[in-house]
Amino acid sequence: MTSDTPGGARSRGLLSRLRRARSSPRSKARRRLGAAVRLLAALTLAGGAYTVFAPDLQAQETSQLSAAAQEGKALYDTSCVTCHGRNAQGVEGRGPSLIGVGAASVEFQVSTGRMPLARQEAQAERKPPVFTDDQIQQLAQYVQELGGGPQLPEGENLHRGGDPVEGGRLFRINCSSCHSFGGGGGALSSGKFAPSLRPATDRQIYAAMLTGPQNMPVFGDNQLRPEQKADIIAYVQEVLAKDRDPGGFNLGRLGPSTEGVAVFLIGIVALVFAALWIAGKS
Amino acid sequence: MKRRKLDMAALPGRAAREVDDRLGVNTPLRSLLNKVFPDHWSFLLGEIALFSFIVLLLTGVYLTFFFEPSLTEVTYNGSYAPLRGAHMSAAYASTLDISFDVRGGLIVRQMHHWAALLFMAAIVVHMLRVFLTGAFRKPRELNWMIGYLLFWVGFLAGFTGYSIPDDGLSGTGLRIASAIMLSIPVIGSWITSSIFGGEFPGEIIISRFYIAHVLLIPALLVALISAHLGLVFKQKHTQWPGPGRTNSNVVGERMFPRYAIKQGGFFMIVFGVIALLGGLVQINPIWLFGPYEAAVVSAASQPDWYVMFLDGSTRLMPPWEINIPIGDGYVIPPLFWPTVVLPGILVVLPLAYPFIEARLNKDRRIHNLLQRPRDVPGRTALAAMAVTFWLVLTLSGANDVIADKFFISLNAMTWVGRIGLIILPPLAYYVTYRICLGLQQHDREVLAHGVETGIIRRLPNGKFVEVHQPLGPTDEHGHGTLEYVGWAVPKKMNRLGALGPAIRGFFFPIEKPVEAPVSPGHPPVEPRSERQEVGSGGSR
Amino acid sequence: MSTRTDAHSNQVVDNPREPFDVNDPRLSRFDLVREGARRDDIEIVHYEPQFPPGSRAERRIVRTVASIFLLVGVSATAFVVAYIWWPWRYEHGTGASKYYTPILGLTLGIALLGIGFGILIWGKKLLPKEVSIQARHDEPASEEERRLTGNTLLYMVDELGIRRRPLLGVSLLAGLAPVGAVAAAPLVGGLIQQPHKNNQMFTTGWKPITENGTTRLVRLTHHDGTPVRPEDVSPGGQITVFPGIPGGATNKYADSPVLLIHLRPDDAAAARAANERAGHADYMWGNYIAYSKICTHAGCPASLYEQQTNRLLCPCHQSQFLITDNARPIFGPASRRLPQLPLTVEDGFFAAKSDFTETVGPDFWERP
């Protein structure tokens with residue numbers, strides 16, 4: 001039992017009664033029971049006052065959301081609220097505002113596993129997604145209804161009818177400077193990087209172009225029309241991912257740096273061993 | 001009519017007689033057939049470069065039949081579907097044709113490029129061997145200079161070669177080359193506009209690079225290589241010290257048939273390795289780079305590995321610009337120092353090295369015997385320092401690839417390169433010097449105390465000692481009296497007297513074990529009586 | 001045969017008292033070889049076959065070499081068969097044609113390696129072991145010889161009589177010097193091109209076009225030539241634009257590609273303030289800003305725009321430029337900011353108010 005008391009006047013009386021209680025051992029148990037009852041009453045009073053007076057945000061929002069968005073909100077409140085705030089307004093130093101990022105952003109970040117973020121670092125990394133596809137759709141719907149923003153078209157295959165020749169031209173002028181000619185990714189400044197495009201699905205590529213995640217520029221539908229996005233995705237998925245290299249093992253498509261390593265590790269090593277065998281160490 | 005019977009067996013002799021009557025080649029031919037070459041694996045490294053060069057010539061001639069060195073714009077209409085209809089230069093289109101529309105063209109292209117990388121790699125490894133063993137000393141300073149120039153001419157050959165397809169990667173490199181030329185003070189803009197025929201890129205540069213690459217540079221290479229080999233032939237190859245070897249003889253094998261067999265076999269092996277690389281490992285996939293456009297670049301853009309040290313020096317250079325406030329103002333851009341001044345120093349300094357070292361050592365004798373690297377710790381440490389410097393620059397040339405693949409900050413990689421370039425070479429010098437001294441000390445120790453046998457004996461007073469096998473006669477203190485003669489000291493029991501395994505054969509022992517030989521790896525000098533002389537099989 | 005060692009060159013020589021008779025029937029072929037080598041100053045010191053002829057080990061190695069050569073034949077045939085009959089035309093995806101080059105490489109490589117290994121095993125294992133010693137004879141010529149040669153050379157000068165007839169020497173030099181220039185002139189002269197013809201190093205494709213007395217501004221266009229409107233770029237987006245002139249997007253105007261960036265409002269405010277400080281007061285149009293894409297370090301297109309940090313990274317040598325502060329270099333080897341293109345909008349399309357006011361691309365000596 002602590003000696004925390006609510007008010008000054010009452011404390012004097014309580015203290016004097018406690019002092020009196022020490023001199024009379026027989027009423028100690030009764031004193032304790034009385035204190036407990038009083039404490040319980042005080043708590044109930046405080047709690048009730050809070051419930052009456054505190055602003056109640058939840059009740060008003062819930063009524064305007066669709067069913068999917070309500071599911072999304074439930075997921076959001078457990079997984080996202082710490083960094084992005086209760087109304088997705090963002091938390092200084094932890095997470096940006098999600099108002100206006102749209103379902104496309106949420107689908108990209110969460111389906112690639114980048115969100116929920118494991119730790120604050122230079123750049124979010126792709127990792128196994130925490131949520132199922134349905135949950136991702138619900139989260140996306142919630143954020144969309146909260147603040148609006150860009151949305152992805154329907155369907156899994158977003159490059160039907162896309163022209164890989166045109167896509168290659170657009171890829172080289174817009175994308176290869178960061179993601180490299182083979183789509184393998186590349187370094188940006190100070191620990192950031194453009195990731196490899198190999199594990200990305202059509203929807204993820206489309207969403208990334210549309211929303212410009214982190215330091216990637218935004219390639220809205222005004223700049224790259226949906227047909228042009230389909231062309232680019234066709235190039236990435238059909239040519240870069242599926243077209244097998246005709247010249248043999250491609251050394252990671254990293255250019256002359258790995259070729260130089262290979263000529264020493266394979267060529268020179270093999271030939272030095274051959275020289276050792278031929279002429280010996282005499 | 002009586003017909004004279006043609007004696008087939010005597011035909012070669014009669015033909016040779018006729019030739020000798022006219023050309024007088026009899027005795028020179030015999031001395032050529034009998035010429036002695038010393039034998040060591042490290043003497044074969046230069047030949048990797050020579051054989052790669054031959055492969056380059058063969059594959060290169062094939063490629064010239066199909067390549068079109070022109071910057072005229074064409075529309076691609078070949079087999080490679082992802083570029084069909086794209087606008088590109090005729091040079092790029094013809095390279096795509098070689099890769100996709102000429103049967104077997106891709107493997108020849110890839111073999112050509114792999115042979116080029118191997119050529120340069122072999123030159124570097126061979127140069128290192130020559131430097132570390134002191135083979136550049138008098139009378140071979142000229143050959144060292146020719147060989148060193150071969151590296152730079154090969155560099156130019158490679159640069160012009162990978163630039164002529166006019167693809168995205170090499171076009172970017174060409175842009176950087178034009179910037180390097182521009183950065184030269186006073187005459188830079190004149191040089192650039194003269195070589196490119198105007199502002200970058202102009203219409204003519206690919207044709208000029210092409211003629212340099214297929215005619216001017218190969219002619220220079222052939223001339224230099226011929227001079228290089230001719231000097232080795234005339235001055236005779238150096239050799240390691242050892243039994244029977246002096247500064248005025250050559251111990252080894254005669255040219256024909258055994259040395260020629262080794263050369264021919266090694267050529268086939270180099271060719272085979274190039275063929276395997278050319279077929280199994282893709283190189284320079286220009287169809288993924290796209291045609292060169294001034295506004296397009298890819299991440300992970302590097303030049304070929306032998307140019308990468310210049311890329312690294314450029315990346316590490318701080319932005320120190322020199323402004324000269326005379327008149328309208330003149331500027332020396334920061335690009336000048338790492339790409340013009342540094343290579344200039346790198347070309348001149350090693351050329352003069354043999355003379356510098358001879359002057360410092362006050363050494364004017366002729367040297368035909370090699371030195372073990374550990375016996376010249378100063379030179380070996382200098383080589384380690386140079387290699388470290390070059391390696392930091394080369395790795396910095398790929399610092400964006402390293403940063404991306406190993407999750408290191410790109411800015412941090414640049415700083416690591418800048419600081420490492422200053423700190424690591426002196427560190428390498430010191431460490432290498434100490435290691436050489438340690439190895440020398442171990443040699444002397446084994447000569448003095450004998451080989452450790454691994455047999456432990458307990459003395460009557462309880463002390464444990466290891467039994468050592470002396471290498472030769474010992475003095476009254478039990479120390480060996482043999483001098484160090486500049487060759488390997490045997491340090492294990494099974495190398496005693498043999499410097500090679502006592503039992504021959506890799507998987508199964510071969511007949512009888514050899515007796516103690518005189519020369520390393522070779523059986524005894526006197527032939528045993530029960531063995532016969534080997535003839536050619538026919539009677540005399 | 002009796003032997004003695006030659007003290008100077010460590011060679012073992014025959015007893016010189018017995019003259020060598022080439023036609024002696026008792027001599028074997030190898031004896032003749034040895035004598036021939038001796039006359040070239042080469043002594044075959046040791047020569048021993050590795051196996052007794054006909055032994056099991058020798059037969060085993062012969063079989064090995066033979067099987068390697070047979071493998072070469074098989075592999076070479078496979079190469080020719082694959083070369084002719086394996087499908088090789090480009091097809092998309094995975095297919096047999098993707099293995100054409102690897103199969104050719106494998107068969108050719110095995111064939112060549114097989115020849116190499118076969119020959120080498122033959123030479124290393126089947127040929128007798130040999131040690132030969134050759135004298136170098138690389139002593140320099142004697143002083144006497146050198147004197148003779150030196151005087152021969154000097155006498156040439158005496159014969160030509162240049163010292164006695166100085167006019168010959170002078171006229172030779174005076175006459176030949178200009179001939180050297182004659183040889184060099186077309187080669188060098190034909191190549192030399194004036195770098196500042198048409199002021200080309202200070203002009204780009206963005207220069208407003210003046211014809212018939214009117215001046216037209218050059219529009220910003222996409223890669224395919226269509227003009228760019230402000231609505232085409234979202235905030236946080238960037239687009240590569242080219243001058244709206246014939247061939248503007250080709251390498252003919254390699255110094256003209258421009259990066260158009262739509263900044264977010266607070267970034268745009270910072271950029272505008274920086275512009276004021278640098279005297280580029282109205283180069284931006286609204287929140288749009290445009291910089292030359294050609295890096296001022298070595299000319300690569302600086303294309304990696306990081307929309308949150310507003311850094312433009314050039315992938316070639318990692319120079320980084322701060323977009324919100326006149327694209328001044330903040331890291332890497334670049335020492336000069338990127339030139340900014342003054343923007344305006346006419347008829348709803350972006351246009352360049354004027355050409356760049358700084359030189360584009362890598363620096364050169366006479367850059368003011």
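Within every chain, numbering begins at 1; the chains are lettered A, B, ... in the order of the sequence lines, protein sequences first and strands thereafter.
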Shorter than 4.5 Å, heavy atoms on both sides: which option in [options] has the most such pairs with chain B?
options: A/Thr258, A/Val261, A/Ile268, A/Asn174; value: A/Ile268
options: A/Ile278, A/Leu240, A/Val239; value: A/Ile278
options: A/Gly191, A/Ser190, A/Gly168, A/Ser196; value: A/Ser190

With a 4.5 angstrom heavy-atom cut-off, which part of [X] approaches chain A: side chain, backbone, both or neither?
X: B/Ala412; result: neither
X: B/Ile283; result: both
X: B/Phe407; result: side chain
X: B/Leu277; result: side chain
X: B/Tyr80; result: side chain
X: B/Val125; result: side chain
X: B/Val273; result: side chain
X: B/Leu280; result: backbone
X: B/Pro38; result: neither
X: B/Gln110; result: side chain
X: B/Val401; result: side chain

Practice task
May I ask you to test the A/Ser177-B/Val296 pair for a side-chain heavy-atom distance under 4.5 Å?
Solution key: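 Side-chain contact under 4.5 Å: no.
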Residue [X] versus chain B: region with a heavy atom under 4.5 Å:
X: A/Glu166; value: neither
X: A/Pro246; value: both
X: A/Arg172; value: both
X: A/Leu254; value: both
X: A/Asp243; value: side chain
X: A/Val263; value: both

Atom of [X], atom of [Y] and distance for their closest heavy-atom approach:
X: A/Ala262; Y: B/Trp114; result: CB-CH2, 3.9 Å
X: A/Ala274; Y: B/Ile269; result: CB-CG2, 4.1 Å
X: B/Ala299; Y: A/Cys178; result: CB-O, 3.7 Å

Specify which of [options] makes the most heavy-atom pairs with chain A at under 4.5 Å.
options: B/Ile107, B/Leu118, B/Val270, B/Leu106; result: B/Leu118
options: B/Tyr306, B/Tyr162, B/Trp287; result: B/Trp287
options: B/Val297, B/Leu83, B/Asp400; result: B/Val297
options: B/Ser298, B/Gly278, B/Gly397; result: B/Ser298

Acceptor/donor pairs from residues 42-52 of chain B side chains to any protein atom, 3.5 angstrom cut, sequence neighbours excluded:
| from | atom 1 | to | atom 2 | distance (Å) |
| --- | --- | --- | --- | --- |
| B/Ser42 | OG | B/His40 | ND1 | 2.8 |
| B/Glu47 | OE1 | B/Gln263 | NE2 | 3.0 |
| B/Ser52 | OG | B/Ile48 | O | 2.6 |

Exercise for the section: Please list all pairs passing the salt bridge (charged side-chain N to carboxylate O under 4.0 Å, His left out) test where one or both residues lie in residues 195-205 of chain A, with sequence neighbours left out. Expected result: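 Those involving residues 195-205 of chain A are A/Glu107-A/Arg203.
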Practice task
Using side-chain contact (heavy atoms from CB on, under 4.5 Å) as the criterion, list what pairs up with B/Asp404, not counting sequence neighbours.
Solution key: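 Here the qualifying residues are A/Ala187, A/Phe193.
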Exercise for the section: Check the side chains of B/Gln282 and A/Asp245 for a donor-acceptor pair under 3.5 angstrom, ignoring hydrogens and angles. Expected result: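 Yes, B/Gln282 and A/Asp245 have a side-chain donor paired with an acceptor closer than 3.5 Å.
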Practice task
State whether the number of non-hydrogen atoms from other residues, nucleotides or ligands found under 6.0 Å of A/Gln120 atom CD is greater than 12.
Solution key: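 Enclosed: over 12 neighbouring heavy atoms sit under 6.0 Å from CD of A/Gln120.
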Handout entry: Spatial distance of atom CZ (A/Phe171) from atom CG (B/Leu288) [nearest 0.5 Å]
Key =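 Going from the CZ atom of A/Phe171 to the CG atom of B/Leu288 covers 10.0 Å.
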Exercise for the section: Give a yes or no answer on whether the side chain of A/Glu259 reaches the backbone of B/Asp304 with a donor-acceptor pair at less than 3.5 Å. Expected result: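 Flag not set: sc A/Glu259 to bb B/Asp304 has no pair under 3.5 Å.
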Exercise for the section: Determine yes or no for a side-chain-to-main-chain donor-acceptor pair under 3.5 angstrom, with A/Ser257 supplying the side chain and B/Trp305 the backbone. Expected result: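 Side chain of A/Ser257 to backbone of B/Trp305: no pair is present.
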Practice task
Output the residues of residues 208-228 of chain A for which the shortest heavy-atom distance to chain B is under 4.5 Å, in residue-number order; output 'none' if no such residue exists.
Solution key: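 Those residues of residues 208-228 of chain A which would need a heavy atom under 4.5 Å from chain B do not exist here.
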